[in-house]
Protein chains: 2
Amino acid sequence: MAETLRRAPLSRDRILHAAVALADEAGIESLSMRNLAQDLGVVPMALYKHVANKDELLDGMIDVVVGEIDPPAADADWKHTLRRRVLSARQVLRRHPWAPLAIESRNMATPAILSYLDSTVGTLLAGGFSTDLAHHVMHAMGSRILGFSQELFDASRRAGRSGGTDPGPPAALPAEVAARFPRLAEIAAAASHDDESVVGQGCDDQFEFEFALDLLLDGIERLHRQGWTSSRRPG
Amino acid sequence: MAETLRRAPLSRDRILHAAVALADEAGIESLSMRNLAQDLGVVPMALYKHVANKDELLDGMIDVVVGEIDPPAADADWKHTLRRRVLSARQVLRRHPWAPLAIESRNMATPAILSYLDSTVGTLLAGGFSTDLAHHVMHAMGSRILGFSQELFDASRRAGRSGGTDPGPPAALPAEVAARFPRLAEIAAAASHDDESVVGQGCDDQFEFEFALDLLLDGIERLHRQGWTSSRRPG
DNA sequence: ACCTGAACACCGTTCAAGT
DNA sequence: ACCTGAACACCGTTCAAGT
């Protein structure tokens, strides 16, 4: 009897939150129906009463994450509203690092994502954007609108960990890599930008994210001011 | 004897190209060591003489794909050189639609990717960029520098396929989705932009990709002309 | 020494047997 | 009617047996 009372009765919501917690703590590769069931103190097949299959479980997890993003503050202009919301999305994704890949690997937009995108479009239209420009802007922002960093370049920092020990901080690039790719090494060495006290710390992710975000937002603002339409390319 | 002569002897190269072909044709989810071995007319364990494990196989496949990207043409200015190369990368990825997710899911940059990034940095530095600006530009371009479309928004087009039959073209959004997300429907309806003959065709992926690419390149060009440094934010 | 079949430790999911 | 253990059809990879 103690075993059956140990936890609240199973529900879709409890399953989804347990799955998110498992992915957060152990990584998405540890998320199996069997592991999840064990975490919940339940037999694996019990999960299938609440989620149809693993894909639907992942969709539900994505909706949980997207639901954590702050709603748009309606008191500011479109640019600040959008900027704040994207940065909020980024903070959410930092708590759930598995989410970007999970979202990209699903081939269907979930209701929560559609709702998020819809209200973002609303921000643009309320800011006076034509439907035409709003459309292209949504494409141009791409997954960055959900806070994705999509740091391909970040991978170069991890490029050296082939050998055994991993001593010290990831300062610049390993010597062998730096020798083969000298120009990568050159800009990596510039990574300790205006923060003087931080040397060989690697990149400031928040700075890089805002740099790219503002580059896009400023360009979008310029097109908007110029009354851009499809017949004229940006520039 | 006929069986043993049926194919060329196994090699790492032959394995990698067979794996790329399998992923291209049947999808990355069909790529298993067992399926790949069968395609090659070989016992599964034979593969392990040439690749250490499946992760190394994926790394090798990524290098094959990245190797198909045109080298930079050295005769133009940085902007056109970069633009052409990114568009070349995009064409390559369109032939290998599994590659973006595969690249993002690997946590280590492969030699071919590092080489690609290194020569791209070289283009920027040769164009007179400071190492500082070149560094942030690489981050801002992100995976788009490898031709990634990262069309999150594209997913909304596929949002309606829950029911059974799938009749006709994906014209705008399904009625139920359009009703719940009216502003998404509004900009989706604007998708048939200046091409008058195409109605309800969905988005022009190439147009959207170049729109975003040029938005970034134009913004980058502006910063470069202004002699941007870390102490001043873009804008 | 080389190759390879069987085996191991997992998966997601089906299905029939048990209550 | 509901729940669930065993089973099925897969994985990637180890390992020992066979040549």
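This structure is a prediction, so every number in the text was calculated from the model and none was measured.
Within 6.0 Å of the CD atom in A/Gln38, the count of heavy atoms belonging to other residues, nucleotides or ligands does not exceed 12. Surrounding CZ of B/Arg12 are more than 12 heavy atoms belonging to other residues, nucleotides or ligands, all under 6.0 Å away.
Using a 4.0 Å heavy-atom criterion, one finds that A/Met45 contacts the bases of the nucleic acid, with or without backbone contacts as well.
Heavy-atom distances to DNA chain D give each of A/Ala46 and A/Arg34 a nearest nucleotide, and the one nearer the 5′ end belongs to A/Ala46.
Atom pair A/Asp55:CG and C/dC11:C1' shows a separation of 14 Å (rounding to whole Å applied). B/Glu29 has its CD atom 16 Å from the C1' atom of C/dC11, to the nearest Å. Rounded to whole Å, atom C1' of C/dG12 lies 13 Å from atom CG of A/Leu36. Following rounding to the nearest Å, A/Leu47 (CG) and D/dT4 (C1') show an atom-to-atom distance of 12 Å. Remark: P of D/dT4 and CG of A/Leu40 are 13 Å apart, rounded to the nearest angstrom. The distance from atom CD of B/Gln38 to atom C1' of D/dC10 is 13 Å, rounded to the nearest whole Å. Whole-Å rounding puts the B/Lys49 NZ to D/dT14 P distance at 12 Å. Taking atom CD1 of residue A/Ile28 and atom C1' of nucleotide C/dC11, one finds them 15 Å apart after rounding to whole Å.
Here, C/dT13 and D/dT13 have their C1' atoms 23 Å apart, quoted to the whole Å.
Close to C/dT14, at under 4.0 Å from its OP1 or OP2, lies no side-chain N or O of A/Asn53. Side-chain N/O atoms of A/Asn35 include none lying less than 4.0 angstrom from OP1 or OP2 on C/dC10.
Using N1 to N3 plus N6-O4 or O6-N4 for Watson-Crick, or N1-O2 and O6-N3 for G-U wobble, each under 3.5 Å, C/dC11 pairs with nothing. Pairing partner, C/dA1: D/dT19, with both Watson-Crick or wobble hydrogen-bond distances short of 3.5 Å.
Ring centers of A/His139 and B/Phe207: at least 6.0 Å apart, outside the cut-off.
In this structure the side chain of B/Val86 never reaches within 4.5 angstrom of the side chain of B/Leu217, judged on heavy atoms.
Judged by distance alone, with hydrogens and angles left aside, the side-chain atoms of A/Ser88 form a donor-acceptor pair with the main-chain N or O of A/Asp70 at under 3.5 Å.
The side chain of A/Lys54 lies closest to C/dG12, out of C/dG12, C/dG5, D/dT13.
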